[in-house]
Amino acid sequence: MEIVILADAAAVSAYAARCVANQIRRKPRTVLGLATGSTPAGLYGELIRLHRENGLDFSQVTTFNLDEYLGIPRDHPQSYHQVIRQAFLDHVNVQPGRVHIPDGMAKDVDAECRRYEDAIRAAGGIDIQILGMGKTGHIGFNEPGSSLGSRTRLKELTPPTIHDNSRFFPSEADVPRYSITMGVGTIMEARRCLMLVLGAHKADTLARAIEGPVTAMVTASMLQLHPLATIVIDEAASERLELREHYRWVFEHKPSWQQE
Ligand code: GLP
């Protein structure tokens, strides 16, 4: 795991955008895993800027979203279909046929999950998976207790996540209770994982994820077993890390030949 501690959200977004842009320049047919939530919003803003000002070309890029709420239609303003379109996809030249998001209205959820896994495989697997981390330590909607080997499936949201996500809905009662999410095992197959974490309110959970034992209680901790995981965080989120100064030193002395 590489831990990159930067001053603030703007620096985190800019750094993460450079990682994604470099990947796309190296491989125009990149398969990009997308996350929603508020954390990657700045990263998407920066990718849009690179597209407009520097000609970053998404025309051959394929995207797979991590997750979707179950039971709300795709034109619902808080469906992840809408959220990712407004935050990112509507502003770059990703071809509509190359965009993949789980269908939250699927009648046969198991079949939809199998179809999603097959589509990822058929695309050649995910090259770089963008991740945020929920306050419960979840990646995607892999809440505490999720199998660390899980695949794309239906997952129940826990009360803290329903509470957190209620800020996007009229009330807590309007937050869907279920989701379709890539599993931890699905995420672990991405060739690179890029997790962004911002804010002091996530500092304790982040310390458990990075420096605690690998546990289903904090599914982000599974990234400790990933061969190429980069965790990009702001100062506030780094507060509880025991090896904080060491991570800083390692990053500052990173050899120029190592990729961003
Ligand atoms: C949701 C999403 C996660 C996201 C998390 C954190 O639960 N399913 O993918 O990482 O929210 O959201 P935020 O970035 O707004 O803190």
Side-chain angles (χ1 to χ4, degrees), residues 8-10 12-13 16-17 32-46 63-72 74 76-88 100-102 104 113 116 126 128-146 150 152-169 172 174-184 186-188 190 193-206 208-210 217-223 229-234 236-238:
D8 53 22
V12 166
S13 301
L32 179 59
L34 298 175
T36 44
S38 51
T39 307
L43 154 64
Y44 296 136
E46 187 59 15
T63 66
F64 283 91
N65 268 60
L66 269 176
D67 48 16
E68 177 57 290
Y69 290 116
L70 199 70
I72 58 175
R74 63 179 59 185
H76 186 289
Q78 288 309 324
S79 77
Y80 285 166
H81 274 80
Q82 287 300 319
V83 170
I84 199 65
R85 282 188 191 291
Q86 281 168 24
F88 180 49
H100 302 268
I101 305 172
C113 294
Y116 207 66
I126 293 171
I128 183 164
Q129 175 66 56
I130 297 165
L131 296 166
M133 185 190 75
K135 245 171 33 192
T136 66
H138 65 255
I139 46 178
F141 269 126
N142 293 286
E143 293 277 38
S146 292
S150 50
T152 302
R153 71 211 182 292
L154 178 148
K155 196 69 203 163
E156 306 80 4
L157 274 57
T158 57
T161 298
I162 291 170
H163 177 72
D164 280 350
N165 291 4
S166 67
R167 67 192 194 277
F168 301 114
F169 290 84
E172 215 165 293
D174 296 303
V175 182
R177 263 46 184 170
Y178 298 95
S179 67
I180 292 179
T181 181
M182 281 186 204
V184 181
T186 319
I187 294 168
M188 286 294 286
C193 285
L194 183 63
M195 184 168 82
L196 279 51
V197 182
L198 300 173
H201 62 298
K202 292 188 182 167
D204 279 323
T205 313
L206 181 68
R208 290 177 67 200
I210 293 178
M217 290 305 285
V218 180
T219 53
S221 68
M222 191 61 179
L223 294 177
T230 305
I231 321 292
V232 194
I233 63 178
D234 64 358
S238 77

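As the structure lists them, so they are numbered: ligands from 1, and atoms in each ligand from 1. Throughout, numbering of the chain's residues begins at 1 and tracks the sequence.
Considering Leu206, Leu198, Leu196 in turn, Leu206 is the only one that fulfils the side chain to side chain contact (heavy atoms under 4.5 Å, CB included) rule with Ile233.
The contact shell of ligand 1, taken as protein residues with any non-hydrogen atom closer than 4.0 angstrom, comprises Gly37, Ser38, Thr39, Asp67, Tyr80, Gly132, Met133, Gly134, His138, Gly140, Phe141, Asn165, Arg167, Lys202.
Ring planes of Phe64 and His100: parallel class, angle under 30° (limits at 30 and 60°).
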When the side chains of residues 129-137 are checked against the rest of the protein, which donor-acceptor pairs come out under 3.5 Å, sequence neighbours left out?
unit_1: Lys135; atom_1: NZ; unit_2: Asp164; atom_2: OD1; d: 3.4
unit_1: Thr136; atom_1: OG1; unit_2: His138; atom_2: ND1; d: 2.8
unit_1: Thr136; atom_1: OG1; unit_2: Glu143; atom_2: OE1; d: 2.9

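Here the CZ atom belonging to Arg74 is positioned 14.5 Å from the NE2 atom belonging to His76, to the nearest 0.5 angstrom.
Tyr69 and Phe168 have their aromatic ring centers separated by at least 6.0 angstrom.
Atom OH of Tyr178 is surrounded by 12 or fewer heavy atoms from other residues, nucleotides or ligands within 6.0 Å.
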